[in-house]
Asker: 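Pasting a structure below so you can have a look.
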Amino acid sequence: MARSKAGQSAEQLREQIRAAGLRATSPRIAVLQSLGRARTPISHAELAAELSPKGWDRATIYRNLIDLTNAGLVRRTDMGDHLWRFELRESAGSHATDEHPHFMCEAVRTGGLGNGSDREPG
């Protein structure tokens, strides 16, 4: 799911949310779409900054992050700075269903996967 969800339609996301036992609401779809576009795990504050202008309040975004995490669609990670960050889980049999490392650059406080996938090409 992680990076592969970025290109999924709203209907495909609705089906995945329903299959996880949740109601497929507009805020949940918006959260999954935003996480699918993210190159690295992102915090609730970063997600709220992106979605608040679209009409979703911070509490709604947070509740949906927790619901999607509990349903197994999203992973919550503490990268050592005591700030939860969220990312999409991959579907069964892929890399992100297994635990994988995340590293925090102390100089600029940016996070990324430990496999170089967060680097710009070139």
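Basis for what follows: all heavy atoms, side chains included, without hydrogens, waters or symmetry-related copies. All residue numbers refer to positions in the sequence shown, counting from 1.
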Asker: If every non-hydrogen atom of I17 is compared with every non-hydrogen atom of R28, which pair is closest and at what distance?
Answerer: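 Closest approach of I17 to R28: CD1-CB, 3.9 Å.
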Asker: Is any side-chain heavy atom of T77 less than 4.5 Å from a side-chain heavy atom of E87?
Answerer: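 Counting from C-beta outward, T77 and E87 do come under 4.5 Å.
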Asker: Rounded to the nearest 0.5 Å, what's the gap from CD on Q16 to CD on E11? Could you check?
Answerer: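 Q16 CD to E11 CD: 11.0 Å, rounded to 0.5 Å.
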Asker: Within a strict 4.5 Å, meaning less than it, do heavy atoms of the Q8 and Q33 side chains meet?
Answerer: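 Side-chain contact under 4.5 Å: no.
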Asker: Indicate if L83 and V74 have the same hydrophobic cluster label, given that clusters are the connected sets of ILVMFWY residues with side-chain heavy-atom separations under 4.5 angstrom.
Answerer: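 Not linked; separate clusters.
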Asker: Working to the nearest 0.5 angstrom, can you tell me the gap between R14 CZ and L22 CG?
Answerer: 14.5 Å
Asker: Name the atoms and distances for all side-chain donor-acceptor pairs under 3.5 Å in residues 49-56, with sequence neighbours left out.
Answerer:
unit_1	atom_1	unit_2	atom_2	d
E50	OE2	S34	OG	2.9
E50	OE2	R37	NH2	2.7
S52	OG	A48	O	2.7
S52	OG	W56	O	3.4

Asker: Using only atom types and a distance under 3.5 Å, with no angle test, would you say the side chain of R85 pairs donor to acceptor with the backbone of M79?
Answerer: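 No, R85 side chain to M79 backbone: no donor-acceptor pair under 3.5 Å.
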Asker: Measuring only between side-chain heavy atoms, which start at C-beta, is T69 closer than 4.5 Å to R75?
Answerer: no
Asker: With a cutoff of under 4.5 Å between side-chain heavy atoms, which Ile, Leu, Val, Met, Phe, Trp and Tyr residues group with Y62?
Answerer: I66
Asker: Are the side chains of L47 and F86 in contact, using a 4.5 Å heavy-atom criterion?
Answerer: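 No, side chains not in contact.
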Asker: CG of L73 to CG of L32: how many Å apart, nearest 0.5 Å?
Answerer: 6.0 Å
Asker: Compare every heavy atom of I61 with every heavy atom of H44, then report the nearest pair and how far apart it is.
Answerer: CD2-CG2, 3.9 Å
Asker: For A24 versus I29, what's the shortest heavy-atom pair and its separation?
Answerer: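 Where A24 meets I29 most closely, the heavy atoms are O-CD1, 4.5 Å.
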Asker: Given 3.5 Å as the limit, does a donor-acceptor pair link the side chain of E46 with the main chain of S43, or not?
Answerer: yes
